[in-house]
Amino acid sequence: MSTAQHEPWWARAVFYQVYPRSFADSDGDGIGDLDGVTSRLDYLDRLGVDALWLSPIMVSPMADHGYDVADPRDVDPLFGGLAAFERLIAAAHERGMKVTTDLVPNHTSSQHPWFQEALAAEPGSAARNRYIFRDGRGPGGSEPPNNWQSVFGGLSWTRIVEPDGTPGQWYLHLFDAEQPDLNWDNPEVFDDLEKTLRFWLERGVDGFRIDVAHGMAKPPGLPDTDVEMRPRMLSDGDPRFNHPDVHEIHRNIRTVMNDFPDAVTIGEVWVFDNASWAEYVRADELHLGFNFRMVRAEYDITDIRDAIENTLAAAALENATPTWTLENHDVVRGPTRYGGLVQARAMALVTLTLPGAVFVYNGQELGLANVELPDEALQDPTWERSGHTVRGRDGCRIPVPWSGDTPPFGFSTSTDTWLPMPPEWAALTVEKQSGDPDSTLTFFQRAIEIRHTRPEFTGNRIEWLDAPRGTLVFGRGDAGLLCMLNTNDRAAPLPDGELILASAPLIGGKLAPHAAAWLVSSVDPRR
Ligand code: NOJ
């Protein structure tokens, strides 16, 4: 096992995910930008995070809010362009904070010059061969080449009009029609990604979150499937994802990353079989992989324990660093999922106990819940593509409230924010929560500080202790650190030990309902 001195910086880091549109707006257009992020770095420094992960900032028509990249080697003017990013990197590095950004290798924007070239070229041409164009089936090729559906709903194929005006080939897009999938069997595709990797790494970027890291490789012949392709990226048995050839792509990426040994890759890996998941974090592939078991776990002792055990077991298969995520820009926020802020705070404490890298999503530290938006405010392509049956992810992407008593709460000077902000958030602004000892923000600050500074937060071993029904108690490492979670509606007696933090005030010396606590026990309670 590696010692602290030899550990890479990410091995126990707290990453903070910035959704750039929603973090802070410096130019008053109602959409967040990079100078906005820079202006709030002191806040993030006080929160104690080690690294930022910025959702995509590259040039994009924003059909999927940046996950549709038209120029992977430049920053969108909406976010302030490359100069603003360079300012952010310099200011973050001055504070000792790392900066990672999203990389989107599975697809491009339909506005990418390659795709425009492909549309203007002939079937079978080199330009078409950078994407996945196929003739249709049925009379006149009028039916899609296979039965795959888009993750956002509807077909994963769109038919084009050929340059001569006739109905033409179809192209594959696992997401929106504005996000054509690249053909990873074409070596030009990796060559271009290598340029992109080096472009950002040479500018001081500390690593990449790799979008759809279990996508990219597609099965030869693109066979029809009988599996249910629900509008999500679950891989098990789904031919659209987790094809074994994807690992060669990750090995090639790693070869480039090895020239920048202090930079990290974190793959978005929606794979739930432990052995398959672990393949992504083999020594010559990704440094880290998101394991989404905790996101999927219900607020239920058995589920939570199962998620923790399997996340650890999957990482251990390759001696890799585990990762912990409760929220991101694709999932319903914790307080809504778990049925309350109290529960979400408890779950945050549980994850901050665990060995490995922890990801916090902007606004999670304020205890923001999902917001129900009116139909006309919805922006996520899922809403249109699902024929208005799936509302999509906008409810977890509302801009962050900073100060003041009315929207836009210091997020912007414009009241016309890209998603409307609820007036009830007046009580949840950073300004209101700063310095309030009971606020969720203060709780996160303390938890992160304790995780970073207390000597008991070491060791990769977790041990489950006997615990009353509806509660979990586990120890980490050998220095007596214990975490208890109480999912009952009544208070629960705490194990012996020095209480170092609780997610809610104790009740008569007991752990409050739906709270979690950290204790340090001088007596080993396992004996
Ligand atoms: C996963 C990203 O997290 C999500 O937001 C995006 O829509 C899809 N990949 C497509 O890029």
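Both ligands and their constituent atoms are indexed starting at 1 by order of listing.
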- prompt: Taking only residues two or more places apart in sequence or in another chain, which ones pass side chain to side chain donor-acceptor pair (under 3.5 Å) with E309?
  reply: R305, W464
task: Give the atoms of ligand 1, by number and element, whose distance to some non-hydrogen atom of R393 is under 4.0 Å.
output: 4 (C), 5 (O), 6 (C), 7 (O)
statement: Quick look: N328 vs ligand 1, heavy-atom contacts under 4.0 Å, and the answer is neither
- request: Can you see which heavy atom on P219 is nearest to which on H243, and at what distance?
  value: CA-CD2, 3.5 Å
- prompt: Do R40 and W402 meet the cation-pi criteria used here (NZ or CZ under 6.0 Å from the six-membered ring centre, within 45° of the axis)?
  reply: yes
message: As an exercise, identify every atom of ligand 1 less than 4.0 angstrom from a heavy atom of R397.
response: 5 (O)
message: Using a 4.0 Å cutoff against the non-hydrogen atoms of F152, which atoms of ligand 1 qualify?
response: 7 (O)
- request: Using non-hydrogen atoms of the residue, decide whether R209 is closer than 4.0 angstrom to ligand 1.
  value: yes
query: Near Q116 CD, under 6.0 Å, is it more than 12 heavy atoms from other residues, nucleotides or ligands?
result: yes
- request: May I ask whether H65 places a heavy atom under 4.0 Å from ligand 1?
  value: no
message: Using a 4.0 Å cutoff against the non-hydrogen atoms of H107, which atoms of ligand 1 qualify?
response: 10 (C), 11 (O)
task: Report, in ascending order of atom number, the atoms of ligand 1 lying under 4.0 Å from any heavy atom of V212.
output: 9 (N)
query: Hey, do the aromatic rings of Y280 and H214 have their centres closer than 6.0 Å?
result: no
- prompt: Does anything in residues 48-88 pair up under ring-ring contact (aromatic ring centres under 6.0 Å, His included), and if so which pairs, sequence neighbours excluded?
  reply: W53-F290, H65-W418, Y67-H329, F85-W200
Option of least heavy-atom distance to atom 2 (C) of ligand 1 (set: N106, V331, D211): D211
- prompt: Would R128 count as a cation-pi partner of F133, with NZ or CZ less than 6.0 Å from the six-membered ring centre and within 45° of the ring normal?
  reply: yes
